[in-house]
Amino acid sequence: MKKVLVIGSGGREHAIVDALSRSPQVGKIYCAPGNAGIAAQAECVAIKDTDVEGLKAFALANEIDLAVVGPEVSLAAGVVDAFKDAGLRIFGPSKAAATIEASKDFAKQLMAKYDIPTAAFETFEDYEAALEYVKKGSFPVVLKYDGLAAGKGVVIPETLEEADETLKDMLLDDKFGKGKVVVEEFLTGPEFSFMCFVDGLDVYPMTLSQDHKRAYEGDKGPNTGGMGAYSPVPIITDEDVEYAMEKVMKPTAAGMVAEGCPFTGVLYGGLMKTPTGVKVIEFNCRFGDPETEVVLPRLASDIYDIFSAVADHTPMPQIEWKKEVTMGFVMASKGYPGDYEKGHEINFPPVISSEVEKSSIRIYHMGTSVKDGKYYTAGGRVLMVVGFGADLQEAHDKALAAVESIECDNLFYRRDIGWRVL
Ligand code: AMP
Ligand code: GLY
C-alpha cells in the first residue's frame, strides 16, 4: 500500500485527499499542514506548506511514495525541485514552470510568442509610460500586477482617474511591492476553468468547471479566490473544448518545453468564451480552488495512477468521468476578501451527516479548526459544500439545502451559484 503526502491546507487539498482515499492502492495519507476537516481522512502534520526543507525531511523519514502539491506558494518556493533532487516522487511543476502563474508578464510573453489567443496587452515598469498608453485606449481597461497577489492583483478601472490611482499603487507607491503592470484589453463573455494534467508535451483534459470570482450575488463586489463552482459547464460546447485543447493547452505545453521549462502537473487555463472565440484570461500552475472540489468527485479513475503517470513520465491510463454532476457553495467569513474574524463556532446538524452518508453532498473544509470536538472558523473561505445530482439543478438544490442548515453567526454565501445555467 502506498503512502502519500498532500501539501496544503484548503478545500482543494481536502478534495485531493478525498480522491486519494478512494484509491485502492493508497494505504496512508498525510497532509501538511492540513485542516480540521482533512484530519478526518488523513494524518495532518504541522509543517508549513512553504517549509521546503521540513517537507522534504518528513517525506524522507516517512518513506513517502508520492507527494502531491496543492498551492502555488509551495511550487514557487521550489518544493518540486527540492523533492526531485532528493530522489522523491512528486506531482507538480518545477519552480521555473510555475512562473506561468507567478508572473503575468511571463505568461503573456509566452502566449504572444506561440500565438495563443489572449487579450491584447502591453507591459510597463514606468508609471508615465503606462498612463500614456491607458489614455490612448478605451475603458474599462484591465490592469494586472505582475506577481502572486492572492487574486487581488487585477483591477478593472472604468475611468481614467481610477486607472491613474491603480497605476500609482502598482508602480509608484509600491502598495503591491516593486514590479511591472500588464495593461490588457477588456474582454467579455462567460469564463470557464479548463484544468489539464500535463506531462511535457502530453496534455490530458479534465472535465470543465466554472468558478464565481466576485464576492456577492449578481457577480458584484470585489474579486475573491472563488465563491462557488459547478461541473460540467453546458454553455461551453465540445467544439469550444476542442479549440481550447488544440489552440491553447497543447501549444502552451509545447511552448513551455521549447522555453526549457517543461510543465508537469496541473495546468489550469482560466478561459473566456468571447464573441471572437475562446481566449486565455490567465494560467495557473495548479488545481483551482474551489474548482477541484467539484471536478475531482466526478473522477471515476484512480487518481494515484494519474499522479504517478505524470510524476514518472509514463503512459497515462484512460481518464474516466462520472455522469453525476456537481455544484458547490463556498461559505466564507463575513468581511472576506477583506478583514474577517476567526474562531466562530460552526454547528453541523445531524441531517448533514446523513446526506453525506447517502453521497448526496460532500463537505470540503477550506479554513476550519477543531477543539474538543467542536468546529470553528479559521480562514476567509471556510467551507465548500458540494451537492451531487443527475443534473445541475438537483446538485444545486442539495448543496443549498445543506448550506442553509449549517449554523454559524459569521458566515455568508452566494445563493446564485450556477445562475448562467439554471
Ligand atoms: P485573473 O486573476 O487574471 O484571473 O483575473 C481576475 C478576474 O478579472 C478574471 O476572472 C476576470 O473576471 C477578470 N479579468 C481578467 N482579465 C480580463 C480581461 N482581459 N477582460 C475582462 N475581464 C478580465
Ligand atoms: N478559483 C480560481 C483559482 O483557483 O485560481
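Throughout, residue positions are numbered sequentially from 1 according to the sequence presented. One-based numbering, in listed order, for ligands and for the atoms of each.
S23 and D302 form a side-chain donor-acceptor contact under 3.5 Å, judged by distance and modelled atom types alone. No hydrogens or angles considered: a donor-acceptor pair under 3.5 Å links the side chains of Y268 and S193. A side-chain N or O of Q41 and one of D18 form a donor-acceptor pair less than 3.5 Å apart. Inspection of the T237 and D240 side chains reveals an N or O donor paired with an N or O acceptor under 3.5 Å.
For atom 17 (C) of ligand 1, the candidate residues are T274, I281, V182, L143; the nearest heavy-atom contact is made by I281. When the heavy atoms of T224, N223, I156 are ranked by distance to atom 6 (C) of ligand 1, first place goes to N223. Proximity annotation for atom 12 (O) of ligand 1: of E282, E191, K213, E191 comes nearest, heavy atoms only.
Residue contact check: K104 has heavy atoms under 4.0 Å from atoms 1 (P), 2 (O), 3 (O) of ligand 1. Taking every non-hydrogen atom of K144 and a distance limit under 4.0 Å, the qualifying atoms of ligand 1 come out as 3 (O), 15 (C), 16 (N). Close approach to V142 involves these atoms of ligand 1, each under 4.0 Å from a residue heavy atom: 16 (N), 17 (C), 18 (C), 19 (N), 20 (N).
Classified by interplanar angle (parallel below 30°, tilted 30° to 60°, perpendicular above 60°), the ring pair H14/Y364 is perpendicular. Aromatic ring pairs are classed by plane angle as parallel below 30°, tilted from 30° to 60° and perpendicular above 60°; the pair F58 and Y30 is perpendicular. Ring geometry for F91 versus F197: interplanar angle over 60°, hence perpendicular rather than tilted (30 to 60°).
Using a non-hydrogen distance threshold of 4.0 Å, D211 does not register as a contact of ligand 1.
The contact shell of ligand 2, taken as protein residues with any non-hydrogen atom closer than 4.0 angstrom, comprises D211, K213, G225, Y268, N284, R286, G288, D289, P290, E291.
Within 6.0 Å of the NZ atom in K95, the count of heavy atoms belonging to other residues, nucleotides or ligands does not exceed 12.
Of the charged side-chain nitrogens involved, at least one lies within less than 4.0 Å of a carboxylate oxygen, so that E282 and K213 count as a salt-bridged pair.
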Going by atom type alone, with no hydrogens or angles, which donor-acceptor pairs under 3.5 Å involve a side-chain atom of residues 406-422 and a protein atom two or more places apart or on another chain?
{"residue": "E407", "atom": "OE1", "partner": "N347", "partner atom": "ND2", "Å": "2.9"}
{"residue": "D409", "atom": "OD1", "partner": "H344", "partner atom": "ND1", "Å": "2.7"}
{"residue": "R414", "atom": "NE", "partner": "Y216", "partner atom": "O", "Å": "3.4"}
{"residue": "R414", "atom": "NE", "partner": "D416", "partner atom": "OD1", "Å": "2.9"}
{"residue": "R414", "atom": "NH1", "partner": "R214", "partner atom": "O", "Å": "2.9"}
{"residue": "R414", "atom": "NH1", "partner": "Y216", "partner atom": "O", "Å": "3.4"}
{"residue": "R414", "atom": "NH1", "partner": "D219", "partner atom": "OD1", "Å": "3.0"}
{"residue": "R414", "atom": "NH2", "partner": "D219", "partner atom": "OD1", "Å": "2.8"}
{"residue": "R414", "atom": "NH2", "partner": "D416", "partner atom": "OD1", "Å": "3.2"}
{"residue": "R414", "atom": "NH2", "partner": "D416", "partner atom": "OD2", "Å": "3.2"}
{"residue": "R415", "atom": "NH1", "partner": "E404", "partner atom": "OE2", "Å": "2.5"}
{"residue": "R415", "atom": "NH2", "partner": "E404", "partner atom": "OE2", "Å": "3.2"}
{"residue": "D416", "atom": "OD2", "partner": "G218", "partner atom": "N", "Å": "2.7"}
{"residue": "W419", "atom": "NE1", "partner": "D219", "partner atom": "OD2", "Å": "3.4"}

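Of all the heavy atoms of L187, the ones lying under 4.0 Å from any atom of ligand 1 are found in both the backbone and the side chain.
Here's the thing with F186: none of its N/O atoms is less than 3.5 angstrom from an N/O atom of ligand 1.
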